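Treat the numbers as computed from the prediction; the structure is a model and nothing was measured. Letters A, B, ... are given to chains in the order of the sequence lines, protein chains preceding strands, and every chain is numbered from 1.
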Amino acid sequence: MTDSIVTMTHIIVAARGVEKSFGAVKALRGVDLTLREGERLGIIGPNGSGKTTLIDCIAGVLGPDRGEIRLAGRDVTRLPPHRRARLGLARTFQIPQPFKGMTVLENLLVPLDYSGGPDRLGQALAVLRSVGLDRRRDDPAEALSQLELRKLELARALAGSPRVLIADEAMAGLSEAEIDEVLKILFRLNESGIAIIMIEHIMHAVMRFSERIQCLETGRVIAEGTPAAVAADPVVQRVYFGEQARR
Amino acid sequence: MLLLDLALNAVATGLMLGSIYALLALGLAITFGILHVPNIAHPALMVVGAYALALANAHGLDPIAASVPVAAAFYAAGLAFYEVYYRLFERRGGTDTLQSLTLFFGLALVIEVALLMGFGADPKSVDVPYVGQSWTVGLVTLPYRLLVPALLSPAVMLLLWLYLKLSRAGLAIRAVASGETPLAIVGIAPRRVKRHAFGLATASAAFGGAALVILGPVGPFSGHAQIGRVFAVVVLAGMGSIPGTLAAGLAIGVAESLVSSFLDPSWSQGVAFAILLATLAARPTGLFGVPR
Amino acid sequence: MRPAAAFGIAALVVAAGLLAPKLPVNTYYFYAGYVVLQFVAVATAWNVLGGYGGYINFGAAAFFGAGAYAAAGLFKAFGLPLPLQIMAAAGVGVALGAAMGYLTLRVQGVYFAIATLSLVVVLETLVHNVEYLGGARGLAILAPPAPAWFGGRTQFAFFVMLAVAAASVLAAWLIENSWIGRGLRAIRASESAAECAGVPTLKLKILACAVSGGLLAAAGAPYPYYASYIEPGTAFSLTVGLNAIAMPLIGGTRSWAGPVMGAVLLGTLQQVATVTISSELNVLLVGLALIAFVAAAPNGLLSLPRRPRSKDAIRHD
């Protein structure tokens with residue numbers, strides 16, 4: 001695992017005071033998030049703590065009630081998702097959303113229609129190779145296994161040459177070997193310069209991957225720091241232990 | 001004085017019409033707002049109700065009295081229909097809304113053409129002693145053919161609202177609206193609750209039909225004239241709010257009536273449509289709705 | 001196939017259409033053929049937004065009728081020749097589609113469907129109250145005789161509609177095989193994923209709505225010439241609205257060929273049915289067919305995915 005020097009690197013994603021309610025339910029109660037270039041940030045928290053809502057706000061799928069989102073210094077709070085994608089933000093979905101009715105290759109051509117250079121086909125094939133899906137390129141997206149679907153999500157996100165990738169539970173439902181495979185891909189992507197936010201329930205994966213972790217609970221950040229520090233934090237333990245006890 | 005006269009009558013007519021629109025929209029408010037089933041065949045169903053009541057009236061029955069047994073029959077039909085609908089759509093893993101919309105579109109068409117083929121194109125009407133007479137209060141004239149349905153509406157809506165608020169079944173229905181998991185935990189099958197709600201919504205079409213046929217003659221395609229208004233009411237009210245439906249209905253009714261009196265009657269259809277578009281553009285969740 | 005080839009084929013079809021009036025067939029076939037071609041155009045137009053993009057337009061009749069009345073009105077006011085009427089009508093359709101799209105496509109597809117359904121009623125009511133366009137009674141169209149080559153107004157109308165249908169199919173083909181088509185398919189599959197992948201979903205939806213509206217209006221424009229008459233009931237007819245949906249659904253929504261097949265199949269059947277049974281029963285049967293199709297479709301008729309082969313898929317590892 002590479003160490004990254006945090007001192008003078010630029011902040012690429014900044015969320016300040018993000019609040020979001022759905023009717024009477026307050027999903028986010030003022031959340032701050034900072035991501036530096038090339039950083040690996042993990043976000044954990046029990047179900048319903050607001051993780052995906054936060055991601056949806058950063059990605060632009062939802063508009064926050066209060067607060068602001070900045071991408072590379074630029075205020076994108078009211079910008080639609082496709083414009084944020086052009087600014088270098090990519091995300092995968094908790095439940096994979098492949099473009100059904102299209103082949104794997106076509107799935108990648110979609111983002112490349114907007115971010116691609118002169119050789120879109122070549123770019124698409126290169127991305128597919130990098131995640132190990134190039135042999136499946138002419139297969140319909142519906143025919144993919146769970147692991148392949150997750151890889152397709154990543155590939156599609158990469159096709160846009162992002163500077164930031166938000167991986168929303170990219171390893172849910174996978175076997176241990178498959179988790180390792182996805183983690184390898186994510187590490188490789190980070191080494192090539194992409195900052196990554198990982199939202200995960202699979203503790204050992206997120207602990208291994210992240211340089212820094214934020215823990216959310218009922219819409220608030222309750223702990224922040226290195227993986228070791230957060231894991232040892234009694235507040236975090238109570239939140240997770242409490243969840244275990246309820247189960 | 002003439003302007004005041006015109007304005008007061010326009011508002012009075014608007015309130016009465018609006019009340020009726022709310023009743024017409026009630027069934028759709030339940031199925032779309034609470035069950036998330038886009039039953040656009042509801043206006044066609046009300047026309048069937050109107051026809052049934054006209055038939056009953058031809059045998060000497062009062063349409064409002066007859067609407068109760070018709071509502072019971074509609075309730076049963078609604079239960080049966082929901083069973084079929086459930087097997088076709090809900091069980092397949094989530095509703096593809098557009099697919100079920102198309103189903104109901106086809107259904108509405110089949111109902112209307114069947115009525116056309118069965119009864120001909122001539123509109124049906126009812127012969128009731130109070131239709132044709134009015135009640136005059138000061139400057140305002142209230143025709144009974146408007147007033148009676150307008151009073152029927154809040155009565156039916158109040159009954160339904162109380163039922164939803166106070167009864168166990170009503171509580172279950174409201175719970176289903178916000179999500180099924182809590183119900184399943186308590187051991188009540190969500191499907192039975194939804195079926196019951198759908199049955200109630202279908203039953204309300206009988207009262208809607210009564211309102212329509214008292215208001216004026218009803219032909220096979222009379223539902224079309226009401227579609228725009230019914231949708232506008234449901235969208236303006238926001239999903240699943242019964243008091244909201246009444247408020248939205250009244251607002252649209254008054255707006256239409258004012259436009260009709262002070263501008264041109266032929267613009268009245270456009271009013272509901274304009275409100276529909278404006279609501280979608282500015283505040284899609286409606287005035288009283290809760291975003292999912 | 002390259003775009004040039006597609007243009008070539010379309011031109012060939014139109015050229016063949018020029019020869020058709022010289023065939024020794026009963027005029028009835030031109031009369032009926034017009035209707036089938038009209039449905040090819042309507043179904044193809046509807047499918048650009050409905051099939052490719054997944055946004056169901058229940059108000060195809062509104063755009064069709066708008067086109068028909070635009071053509072009739074322009075003829076009455078300025079005596080415009082038919083080709084210009086069609087182009088102007090298409091312009092009206094594009095404007096109407098863009099406006100409707102802008103106002104209603106920013107929310108879920110259900111609301112678009114509801115709004116388009118309401119649009120039909122609104123436009124029909126509007127026309128009822130415009131005396132210049134004939135109001136409820138309708139308007140008789142005394143168009144000039146057809147160019148001599150065609151031998152009759154029905155033959156000329158047939159040819160014109162063939163050209164419109166060919167142009168519609170060509171437009172659909174071009175869209176389908178472009179980044180626009182790809183973007184629309186992504187929107188239909190998963191709009192939020194498309195948006196996050198960089199697809200400007202709103203712009204594409206409005207574009208598709210405008211193109212669809214323009215083509216629908218163009219399909220309606222020759223009708224007053226063809227029938228020598230126009231009135232609100234037929235211009236905004238149920239049959240048009242219903243068939244616009246049923247034909248692509250039954251023929252296939254994935255590509256341009258589906259609506260064409262659906263239109264030819266269903267359109268021909270309906271012509272036969274209208275002659276042998278009543279036109280009401282005809283509509284009833286199409287409605288029932290639509291219901292049956294929607295109910296029976298395995299995985300969402302409008303999704304039409306190929307069956308997942310994951311169990312049989314040969315892994316190339």
Any luck finding a side-chain donor-acceptor pair between B:Tyr21 and B:Gln226 under 3.5 Å? no

Would you kindly say whether C:Gln108 and C:Tyr55 are connected by a side-chain donor-acceptor distance under 3.5 Å?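 On atom types as modelled, these side chains do not qualify, holding no pair under 3.5 Å.
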
Give a yes or no on whether a salt bridge exists between C:Glu231 and C:Arg137, defined as a side-chain N under 4.0 angstrom from a carboxylate O. no

Any Lys/Arg nitrogen of C:Glu176 or C:Arg254 sitting under 4.0 Å from an Asp/Glu carboxylate oxygen of the other? no

Does anything in residues 105-134 of chain C form a ring-ring contact (aromatic ring centres under 6.0 Å, His included)? List the pairs, not counting sequence neighbours. none

Scored by heavy-atom pairs under 4.5 Å with chain B, the best of C:Leu238, C:Leu288, C:Val107, C:Leu126 is C:Leu238

Based on non-hydrogen pairs under 4.5 Å, which of C:Ala289, C:Ala115, C:Gly109 is most in contact with chain B? C:Ala115

Using non-hydrogen atoms only, which part of B:Val230 is less than 4.5 Å away from chain C: side chain, backbone, both, or neither? neither

Where on B:Phe104 is there a heavy atom nearer than 4.5 Å to chain C: the side chain, the backbone, both, or neither? neither

According to side-chain hydrogen bond (donor to acceptor under 3.5 Å, both in side chains), who are the partners of B:Ser260, at least two apart in sequence or on a separate chain? none

Can you confirm whether B:Thr102 sits close enough to C:Phe58 that some side-chain heavy atom of one is under 4.5 Å from a side-chain heavy atom of the other? yes

Donor-acceptor list for residues 107-123 of chain B side chains, cut-off 3.5 Å, not counting sequence neighbours:
residue, atom, partner, partner atom, Å
B:Glu112, OE1, B:His224, NE2, 3.0
B:Glu112, OE2, B:His224, NE2, 3.2

For residues 118-125 of chain C, give me every residue with a non-hydrogen atom less than 4.5 Å from any non-hydrogen atom of chain B.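 Residues of residues 118-125 of chain C touching chain B at under 4.5 Å: C:Ser118, C:Leu119, C:Val121, C:Val122, C:Thr125.
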
